[in-house]
Structures are given as structure tokens and as C-alpha cells.
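Below, each value reflects all heavy atoms present in this structure, side chains not excepted, and no hydrogens, waters or symmetry copies. All chains are named by letter (A, B, ...) in the order of the sequence lines, taking the proteins before the strands, and each is independently numbered beginning at 1.
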Amino acid sequence: MAQPSFGIRTYVLTYLALLTLLLATVLIGFVDLGWGSMFLAVAIATMKAALVAAFFMHALVERKLVWVVIAGALVWFLILVTLTLGDYITRGWLPFPGK
Amino acid sequence: MSEGAILKEPWRDLARQREGATFGIWIFLASELLFFGSLLLLYTVYRVENPQAFAAAAARETDIFYGTVNTAVLLTSSLTMALAIHAAAANRTLRSYYLLLLTAVIGVAFIAIKFTEYYQHYEMHKVPGIRFESTSPQAGAMQLFYIFYFIMTGLHAIHMSIGIVLVVLFAFRTAVGQFNQEYHTPLEALGLYWHFVDIVWIYLFAIFYISGLHK
């Protein structure tokens, strides 16, 4: 039965990459980059999440159907984020009388 | 076990049964993404509205040491889980059994560290609604931060606890020979769940511990 899988070496390398990113995010966290700090922290978290999904969860070698599920989940989530933040972040940009 | 005993309706063969099972788990994880994702979004909105208070609370008061150690602990448990499934697929039942037990032990360690931290928050009067004191003029917004913190890490801890119970259960199923090279689909499904819970923590770590660290 063909199952998507990797070798032990790949799992260990993934793990080491994750620990390296963990160290990197903590070290970068001590530097003040303003709003960039939050952005970088989430960006590195996304890199770690992608590594876990691609290798530990075998998403990289899964069939197309699973990719559709992942893409669907992400697209719906991005719609949620974009429309909500599009409202909240832009509040107060335009001067309305009485506000 | 023979194929007949483990092949369920309505699947024609084990390969299809496996595809159905993992597909179902992925759908479930997609709904979990929106569940935790909407909380993350809500947190972001409140953080945008109270940047100083959230940064101050996130920065000084969550302990980066506990957070970092716990992240490393959880990543290690993901590795042992992946190796356990790999061992089951290679018919190395005993190794798979030990690796599953190790995964559960590491999971318990994570919960233990998390609750040590909760206890410290309690000692430091940082639990809104139960024990919260602050002289800061932004105490209200800081309580908001802690509400998000406790709800999100708490939900994550509940997910972890369910995972640990399942891992122990599946370790025993492995020990009595229910899983082998041909059939270990339940282990794969459990692995997907476990890794997903790991991913959730990676984000919680980023928003509660890392951002604001420099302040």
C-alpha cells in the first residue's frame, strides 16, 4: 500500500530546522523593530508551521485532494482576516464629522 | 489481523479506506484552523486597538524561558510521533510502541510546564476575574490580553490532553498488535492531529511570547 512518507533522516533534519527557527525567532525577538517585530514573529511561525505540515504531516507528498483542503482552509481564513482587518485598521483614516 | 477484520464499510480496499480516513482528518483540521484562526484574528484586532497595553503585558509578564522550553518540548514530541508512525510502517512494532509512550510523556511534560506557568500567573495576580491586580493605567486592556492568553492556551491545553489520552490508547493498540505495515491508518490520523496542535502552539508562542519581547 503506497503511503506518503519520508525517511528518518528527513524527520530529524526537519526537527533540527524547527529548533534553529525557534532559536532565531527568540534572538530576533529581543531586537526592537516596531511593528516589524510582530510581523517577523508571525512570519517565522509560518515557516515553522509550513515545515511541520510539509514533512511531519506529509502534505508535500500527499495527493492533490489534500492540497485542495489545505488551500481551501487557508483561502477562507484569509478572506476572514482581510475583510476584518480591512475594516479595523482603516478606521479613523478619513475624517468624518462627529467622529 | 486479516484484512477482512480491519476493512470497514463502505471501502473496497485498505488503500481507499486510508484515503477516506486521512481526508476526513484534513477536513477536521481545516475547521480547527478557522476555530483557532478566528481567535487569533480577534486577538490581532484588540492588539491593534491597545498596542501599548498588549505589548507591555506580552513582553514583561509572559516568561520567554518557559515559552521557549515548551516550544522545544512540543517540537520534540512531534518528532517522536513522526518516528513512531515511521516505525509502525516499517513493521517495527516495539519501537513504535516505545516512541508513542515517549510522545505521551513529552506531552505530559508540556502540560506540566504550562500549568507551572499558570500557577505563577496566579501568584503574580495576573488572572482576570479570579485574581488580578495592576497599578498600570492600562490595567483594563492588560486584562483583555490575559483573557485571550488563558482562553487560547487553555483551549490548546485541552487539545493536548485529548491528544495525550489518544496517544496512550494507541500505544496499547500497537502493543497488542493491532497496527502493522499494512494497516496503521489510525496512527496516521492521530499523527496529523498531534502535528496540527503543535502548529497551533507555534503561533501562540509567536503572539504571546515573542512579540513585545524587546520592550
Side-chain angles (χ1 to χ4, degrees), chain A residues 1-8 10-12 14-16 18-19 21-23 25-26 28-33 35 37-50 52-53 55-59 62-63 65-66 68-70 72-74 76-78 80-81 84-85 87-89 91, chain B residues 13-15 18-19 22-23 26-27 29-34 37-38 40-42 44-45 47-49 51 55 64 67-68 71-72 75-76 78-79 81-83 85-87 89 181-185 188 191-192 194-196 198-200 202-207 209-215:
Chain A
M1 194 160 79
Q3 290 160 353
S5 180
F6 292 105
I8 291 176
T10 309
Y11 291 129
V12 173
T14 306
Y15 174 65
L16 293 178
L18 286 168
L19 287 187
L21 283 174
L22 171 63
L23 186 68
T25 194
V26 172
I28 293 172
F30 282 105
V31 185
D32 188 355
L33 301 166
W35 275 101
S37 292
M38 181 89 174
F39 179 77
L40 255 180
V42 173
I44 293 180
T46 304
M47 281 155 73
K48 287 198 281 188
V52 171
F55 294 105
F56 285 162
M57 297 171 84
H58 304 139
E62 267 290 0
R63 55 201 189 280
L65 188 59
V66 168
V68 172
V69 175
I70 298 172
L74 291 178
W76 281 110
F77 180 57
L78 283 179
L80 183 74
V81 170
T84 309
L85 292 186
D87 175 359
Y88 276 96
I89 290 181
R91 281 186 190 186
Chain B
D13 53 53
L14 280 180
R18 179 201 164 271
E19 291 201 351
T22 49
F23 178 64
W26 277 103
I27 295 275
L29 295 183
S31 74
E32 287 272 83
L33 170 76
L34 291 177
S38 47
L40 269 173
L41 176 62
L42 213 57
T44 310
V45 167
R47 181 156 184 152
V48 168
E49 301 210 326
I64 186 66
T68 309
T71 309
L75 291 174
T76 310
S78 256
L79 175 68
M81 175 57 95
L83 292 179
I85 297 166
H86 186 270
Q181 198 164 12
E182 283 73 38
Y183 178 71
H184 52 277
T185 304
E188 280 186 71
L192 287 175
W194 190 266
H195 297 312
F196 177 81
D198 191 357
I199 289 178
V200 171
I202 288 172
Y203 280 97
L204 296 188
F205 176 66
I207 64 165
Y209 294 87
I210 294 295
S211 62
L213 196 61
H214 53 271
K215 296 280 163 60

Given heavy-atom pairs under 4.5 angstrom as the criterion, report whether the side chain, backbone, both or neither of [X] touches chain A.
| X | value |
| --- | --- |
| B/His86 | side chain |
| B/Leu29 | side chain |
| B/Ser31 | neither |

Value rounded to 0.5 Å, distance of [atom1] in [X] from [atom2] in [Y]:
| X | Y | atom1 | atom2 | answer |
| --- | --- | --- | --- | --- |
| B/Glu188 | A/His58 | CD | NE2 | 7.0 Å |
| A/Ile44 | B/Phe205 | CD1 | CZ | 10.0 Å |
| A/Leu22 | B/Ile210 | CG | CD1 | 7.5 Å |
| B/Leu40 | A/Phe77 | CG | CZ | 6.0 Å |
| B/Tyr203 | A/Lys48 | OH | NZ | 10.0 Å |
| B/Asp198 | A/Leu18 | CG | CG | 7.5 Å |

Quiz prompt | Chi angles and distances behind the side-chain contact (heavy atoms from CB on, under 4.5 Å) call for A/Thr14, B/Leu79 | solution = CA-CA 9 Å; A/Thr14 306; B/Leu79 175 68; over 6 Å; no
Quiz prompt | Top contributor to chain B contacts, counting heavy-atom pairs under 4.5 Å, from A/Leu19, A/Leu65, A/Asp87 | solution = A/Leu65
Quiz prompt | Options A/Ile70, A/Leu33, A/Val12, A/Ile28, ranked by heavy-atom pairs under 4.5 Å with chain B, top entry | solution = A/Ile70
Quiz item: Taking the side chain as C-beta and beyond, is there a heavy-atom pair between A/Phe56 and B/Met81 under 4.5 Å?
Solution: no
Minimal non-hydrogen separation, [X] against [Y], with atom names:
| X | Y | result |
| --- | --- | --- |
| B/Ala30 | A/Val69 | CB-CG1, 4.1 Å |
| A/Val26 | B/Thr68 | CG2-OG1, 3.6 Å |
| B/Glu49 | A/Tyr88 | OE2-CD2, 3.5 Å |
| B/Glu19 | A/Arg63 | O-NH2, 2.7 Å |
| B/Leu34 | A/Ala73 | CD2-O, 4.4 Å |
| B/Ile202 | A/Ala49 | CD1-N, 4.3 Å |

Practice problem: Heavy atoms only, distances under 4.5 angstrom: which of B/Thr71, B/Ile85, B/Val200, B/Val48 has the most pairs with chain A? Name it, please. | Solution: B/Thr71
Exercise. Please look at A/Tyr15 and chain B and tell me whether the side chain, the backbone, both or neither of the residue comes under 4.5 angstrom of a heavy atom of that chain.
Key: side chain
Self-check item: Which atoms of A/Thr84 approach chain B - backbone, side chain, both or neither, heavy atom under 4.5 Å
Solution: side chain
Exercise. Report the C-alpha distance between A/Leu74 and B/Leu33 in whole Å, list the side-chain angles of each, state the deciding distance to 0.1 Å, and finish with yes or no for side-chain contact (heavy atoms from CB on, under 4.5 Å).
Key: CA-CA 8 Å; A/Leu74 291 178; B/Leu33 170 76; 4.1 Å; yes
